[in-house]
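Written out below as structure tokens is the structure these notes cover.
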There are 2 protein chains.
Amino acid sequence: MHIIRSVSDADLLFKALSDPGRRKLMDRLHANDGQTLSELCRYLDMTRQGVTQHLAVLEAANLVAVQWRGREKLHFLNPVPLQEIYDRWISKFERLRLQALGELKRSLEEGSTDPKRRSKT
Amino acid sequence: MHIIRSVSDADLLFKALSDPGRRKLMDRLHANDGQTLSELCRYLDMTRQGVTQHLAVLEAANLVAVQWRGREKLHFLNPVPLQEIYDRWISKFERLRLQALGELKRSLEEGSTDPKRRSKT
DNA sequence: TTGACATGCAAGTAGTTACTTGCATATCAT
DNA sequence: ATGATATGCAAGTAACTACTTGCATGTCAA
């Protein structure tokens, strides 16, 4: 008995990026934006339907936008959601990282105590 | 018949971040680093075992490090892998984003053509 | 030493995900 | 018009994920 799952923007975004095939599609579009479905199929070892479904996930996460040209579907990257990941997740933890680096440096200079292993006094 | 799934570092990392409960744990640790398992359990509406398993995924992705103090298991954030996401995924697409902003600005100033919707001539 | 606390390990399960196959539809070129 | 191309939609399935329950183990405090 699971409770219902959240479907926030962040969820769609991280879920979309959690598959190596989808990340590969992002990479291929980064190398050459605006490719058709058939073109993108060449890079992945699966059926066209599989690729279609992966692209649909990327679209749902707003990482890829499509534009029709006749019978062809062109795919374009939208880098904005990635920036949101940075703002929400990377930059927030950046301070912590620099702080940890500082502590490491300091403890190395002082020569002894590991900053994480201080006793409970 | 699936082929075997990749288990690269990037995969562990994105998979770890793809669950809202695990992201919540990261947030709680960000607010207060070094909490025990029992403390972290208070924030999530699931059994201790569920939380344990989520923390194990974060550990496997190297996002959380543990340290034992008697019978208590303390959890500490490691922000370094997040930086790797930035280097590999965000910064790479940053140029594209700025470029798109520039094109948008230009096309707004010129007043007419949407840069993505140019005809095939 | 005993009981309460903090945690681990193993097995079971419902729901989700990542595919597949098969068929239908629209567009382009001749 | 006809065939080749580009794609969509629906249903089926194996593997995976996110949990749960039950029991075992180690540590602390009186």
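A quick note: this is a predicted structure, and the numbers were derived from the prediction, not measured. Below, chains carry the letters A, B, ... as their sequence lines are ordered, and counting in each starts from 1. Any value given below was found using the heavy atoms of this structure, including those in side chains, with hydrogens, waters and symmetry copies removed.
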message: What is the separation between atom CG on B/L17 and atom P on D/dA18, rounded to the nearest whole Å?
response: 12 Å
message: If I take atom NZ in residue A/K73 and atom C1' in nucleotide D/dG8, what distance separates them, rounded to the nearest angstrom?
response: 9 Å
- request: For A/R71, enumerate each residue passing the side chain to side chain donor-acceptor pair (under 3.5 Å) test, keeping only those at least two apart in sequence or located in another chain.
  value: none
- request: Find the distance B/L25:CG to D/dC19:P and express it as a whole number of Å.
  value: 10 Å
- request: Using only side-chain N and O atoms of B/K15, determine if any of them is under 4.0 Å from OP1 or OP2 of D/dC16.
  value: no
- request: Check the distance between C/dA6's P and B/H75's NE2 and give it to me in whole angstrom.
  value: 14 Å
Integer-rounded Å distance: C/dA6 P and B/Q35 CD: 14 Å
- prompt: Of all residues at least two apart in sequence or in a different chain, which pass the side-chain contact (heavy atoms from CB on, under 4.5 Å) check with B/L13?
  reply: B/A61, B/L63, B/P81, B/I85
task: List for me each residue that meets side chain to side chain donor-acceptor pair (under 3.5 Å) alongside A/R48, sequence neighbours excluded, and say none if there are none.
output: none
- line: B/S38 has its side chain closest, among D/dC19, D/dT7, C/dT7, to C/dT7
- prompt: Which angle, to the nearest 10 degrees, lies between the helix axes at the two ends of the helix from C/dT1-D/dA30 to C/dT30-D/dA1, each defined by five pairs?
  reply: 30°
- request: Kindly give the heavy-atom pair with the smallest separation between B/H75 and B/L29, and that separation in Å.
  value: O-CD2, 3.5 Å
- request: Only counting residues at least two apart or in another chain, list the ones meeting side chain to side chain donor-acceptor pair (under 3.5 Å) with A/H54.
  value: A/R22
message: Please compare A/S18 and B/T36 by the position of their nearest nucleotide in DNA chain C and report the one closer to 5'.
response: B/T36
task: Can you figure out which of D/dT20, C/dG8, D/dA18 approaches the side chain of B/W68 most closely?
output: C/dG8
- line: ring-ring contact (aromatic ring centres under 6.0 Å, His included) filter on A/F93, not counting sequence neighbours, yields A/W89, B/H30
statement: For B/E84, the side-chain contact (heavy atoms from CB on, under 4.5 Å) test, sequence neighbours excluded, returns B/V80
- prompt: Between A/L55 (CG) and D/dC9 (P), how many Å, whole number?
  reply: 14 Å
message: Below the 4.0 Å mark, does C/dT17 have OP1 or OP2 next to a side-chain nitrogen or oxygen of A/H54?
response: no
statement: Side-chain contact check for B/E72: nearest option of D/dT7, C/dT7, D/dT21 is C/dT7
task: Apply side chain to side chain donor-acceptor pair (under 3.5 Å) to A/D27 and list each qualifying residue two or more places apart in sequence or on a separate chain.
output: B/R88, B/K92
- prompt: Atom CD of B/Q53 to atom P of D/dT17: distance rounded to whole Å?
  reply: 12 Å
- prompt: Are any non-hydrogen side-chain atoms of A/L55 and A/T52 less than 4.5 angstrom apart?
  reply: no
- line: Atom CZ of A/F14 and atom P of C/dT16 are separated, to the nearest Å, by 21 Å
Could you go over nucleotides 23-27 of chain C and give all protein N or O partners under 3.5 Å, atom names and distances?
unit_1 : atom_1 : unit_2 : atom_2 : d
C/dT27 : O2     : A/R71  : NH1    : 3.0

